[in-house]
A.B. asks: 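Take a look at this one; I'll ask things after.
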Amino acid sequence: QVQLVESGGGLVQAGGSLRLSCAASGRTDRSYTMAWFRQAPGKEREFVATINWSGGRTYYADSVKGRFTISRDNGKNTVYLQMNSLKPEDTAVYYCAVAFTSRVVVAGQDYAYWGQGTQVTVSS
């Protein structure tokens with residue numbers, strides 16, 4: 001089992017920045033890919049960004065490319081999402097997830113463990 005706890009969400013004005021963190025605990029003795037997804041009210045969950053174990057490979061949704069940066073610190077079992085130039089359409093609950101694979105994957109079904117989510121609200 002892997003437990004994930006997100007933090008760093010909040011209310012920010014359009015154009016502002018936030019940094020989300022997600023700490024993993026439990027069976028973290030294997031290499032794993034981590035990702036961020038989000039779900040806005042009335043919409044389906046969507047992929048945001050993913051990073052492989054070494055951090056050498058990342059992949060982003062087109063909607064956040066150039067504005068968001070995913071990174072990780074394996075010594076702390078933590079993944080980060082730096083969000084800049086935030087827009088009202090970025091408003092959502094953001095979830096981190098873990099997949100025991102060496103690849104970067106974008107499908108939610110490939111992720112076995114999920115956090116509880118952290119709310120990000122961007123005001124116009």
Side-chain angles (χ1 to χ4, degrees):
Q1 291 285 348
V2 174
Q3 294 78 44
L4 300 170
V5 178
E6 302 99 334
S7 61
L11 173 64
V12 63
Q13 289 189 329
S17 299
L18 281 175
R19 188 194 194 204
L20 305 183
S21 300
C22 174
S25 61
R27 290 297 305 273
T28 57
D29 55 338
R30 301 162 53 185
S31 60
Y32 50 91
T33 289
M34 299 188 80
W36 290 95
F37 290 77
R38 68 186 182 186
Q39 187 167 19
K43 295 187 177 181
E44 293 190 353
R45 182 182 63 197
E46 66 174 354
F47 165 78
V48 176
T50 183
I51 186 168
N52 70 341
W53 170 254
S54 70
R57 293 198 66 186
T58 59
Y59 189 78
Y60 297 90
D62 287 343
S63 59
V64 307
K65 202 172 295 184
R67 299 188 299 122
F68 291 10
T69 301
I70 189 170
S71 62
R72 66 189 294 167
D73 182 340
N74 289 340
K76 297 180 179 180
N77 292 323
T78 299
V79 65
Y80 306 97
L81 186 68
Q82 178 66 45
M83 306 186 294
N84 298 329
S85 302
L86 283 160
K87 304 174 181 180
E89 51 263 44
D90 294 318
T91 295
V93 177
Y94 283 70
Y95 299 90
C96 70
V98 160
F100 285 106
T101 177
S102 60
R103 301 176 292 115
V104 288
V105 291
V106 302
Q109 63 189 25
D110 290 328
Y111 288 84
Y113 298 98
W114 295 81
Q116 293 299 308
T118 185
Q119 176 71 48
V120 171
T121 304
V122 184
S123 63
S124 57

A.B. asks: Taking Phe37 as the starting point, is it possible to reach Val106 by hopping between hydrophobic residues whose side chains are less than 4.5 Å apart?
C.D. replies: yes
A.B. asks: Could you report the tightest heavy-atom contact between Ala14 and Ser124, atom names first, then the distance?
C.D. replies: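 Minimum heavy-atom contact is CB-CA, 4.4 Å.
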A.B. asks: Any pair with a residue in residues 30-72 that passes disulfide bond (SG atoms under 2.5 Å apart), sequence neighbours left out, goes on the list, sorted by first then second residue, please.
C.D. replies: none
A.B. asks: Walk me through it: do Leu4 and Met34 pass the test side-chain contact (heavy atoms from CB on, under 4.5 Å)?
C.D. replies: CA-CA 11 Å; Leu4 300 170; Met34 299 188 80; 4.2 Å; yes
A.B. asks: Which donor-acceptor pairs under 3.5 Å do the side chains of residues 111-118 make with protein atoms, sequence neighbours left out?
C.D. replies:
residue	atom	partner	partner atom	Å
Tyr111	OH	Thr50	OG1	3.0
Tyr111	OH	Val105	O	2.6
Trp114	NE1	Tyr111	O	3.2
Thr118	OG1	Gly9	N	3.2

A.B. asks: Can you list everything that forms a salt bridge (charged side-chain N to carboxylate O under 4.0 Å, His left out) with Arg27? Sequence neighbours excluded, please.
C.D. replies: Asp29
A.B. asks: Among Val122, Thr121, Leu18, which one satisfies side chain to side chain contact (heavy atoms under 4.5 Å, CB included) with Leu11?
C.D. replies: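 The residue from Val122, Thr121, Leu18 that satisfies side chain to side chain contact (heavy atoms under 4.5 Å, CB included) with Leu11 turns out to be Thr121.
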A.B. asks: Any pair with a residue in residues 44-57 that passes salt bridge (charged side-chain N to carboxylate O under 4.0 Å, His left out), sequence neighbours left out, goes on the list, sorted by first then second residue, please.
C.D. replies: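 For residues 44-57: Arg38-Glu46.
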A.B. asks: I would like to know whether Thr33 and Asp110 meet side-chain contact (heavy atoms from CB on, under 4.5 Å); could you show each step before the answer?
C.D. replies: CA-CA 10 Å; Thr33 289; Asp110 290 328; over 6 Å; no
A.B. asks: Can you pull the disulfide bond (SG atoms under 2.5 Å apart) pairs that have at least one residue in residues 60-95, sequence neighbours excluded?
C.D. replies: none
A.B. asks: May I have all residue pairs that pass salt bridge (charged side-chain N to carboxylate O under 4.0 Å, His left out) and include part of residues 66-81, sequence neighbours excluded?
C.D. replies: Arg67-Asp90
A.B. asks: In chain order, what residues pass the side chain to side chain donor-acceptor pair (under 3.5 Å) check against Ser17, with sequence neighbours excluded?
C.D. replies: Asn84
A.B. asks: Scan for ring pair (Phe, Tyr, Trp, His ring centres under 6.0 Å) pairs involving residues 66-99, sequence neighbours excluded, and state none if there are none.
C.D. replies: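 Listed once each, the pairs would be none.
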A.B. asks: Do Ile51 and Val64 sit in the same hydrophobic cluster, where Ile, Leu, Val, Met, Phe, Trp and Tyr count as joined when their side-chain heavy atoms come under 4.5 Å apart?
C.D. replies: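 Yes; Val64 is reachable from Ile51 via cluster members.
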A.B. asks: According to a hydrophobic-cluster definition based on side-chain heavy atoms being under 4.5 Å apart (Ile, Leu, Val, Met, Phe, Trp, Tyr only), do Val2 and Trp53 belong together?
C.D. replies: yes
A.B. asks: Would you say that Leu20 contacts Glu6 through its side chain, given a criterion of any heavy-atom pair below 4.5 Å between the two side chains?
C.D. replies: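 They are not in side-chain contact.
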A.B. asks: Is the shortest heavy-atom distance from the side chain of Thr58 to the side chain of Val104 under 4.5 Å?
C.D. replies: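 Contact flag for Thr58/Val104 side chains = no.
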A.B. asks: Can you spot which of Asn74, Asn52, Thr101, Asn77 makes a side chain to side chain donor-acceptor pair (under 3.5 Å) with Tyr32?
C.D. replies: Asn77
A.B. asks: Quick one, Gln13 and Leu86 - any side-chain contact, counting heavy atoms below 4.5 Å?
C.D. replies: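 Not touching, per the 4.5 Å side-chain cut-off.
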A.B. asks: By the disulfide bond (SG atoms under 2.5 Å apart) test, which pairs, at least two apart or in different chains, include something from residues 11-108?
C.D. replies: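 Qualifying pairs: Cys22-Cys96.
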A.B. asks: Suppose the criterion is disulfide bond (SG atoms under 2.5 Å apart): which pairs have a residue in residues 27-66, not counting sequence neighbours?
C.D. replies: none
A.B. asks: Residues in side chain to side chain donor-acceptor pair (under 3.5 Å) with Gln39, at least two apart?
C.D. replies: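 Once residues adjacent in sequence are excluded, Gln39 has no partner under the side chain to side chain donor-acceptor pair (under 3.5 Å) criterion.
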A.B. asks: Identify, with sequence neighbours excluded, every residue that meets salt bridge (charged side-chain N to carboxylate O under 4.0 Å, His left out) alongside Lys43.
C.D. replies: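 Salt bridge (charged side-chain N to carboxylate O under 4.0 Å, His left out) list for Lys43, sorted by chain: empty.
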A.B. asks: Does Tyr59 belong to the same Ile/Leu/Val/Met/Phe/Trp/Tyr cluster as Trp36, with side-chain heavy atoms less than 4.5 Å apart forming each link?
C.D. replies: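 No, no single cluster joins them.
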A.B. asks: Determine whether Val120 and Val79 fall in the same hydrophobic cluster, where Ile, Leu, Val, Met, Phe, Trp and Tyr are linked whenever their side-chain heavy atoms lie under 4.5 Å apart.
C.D. replies: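 Yes, one cluster joins them.
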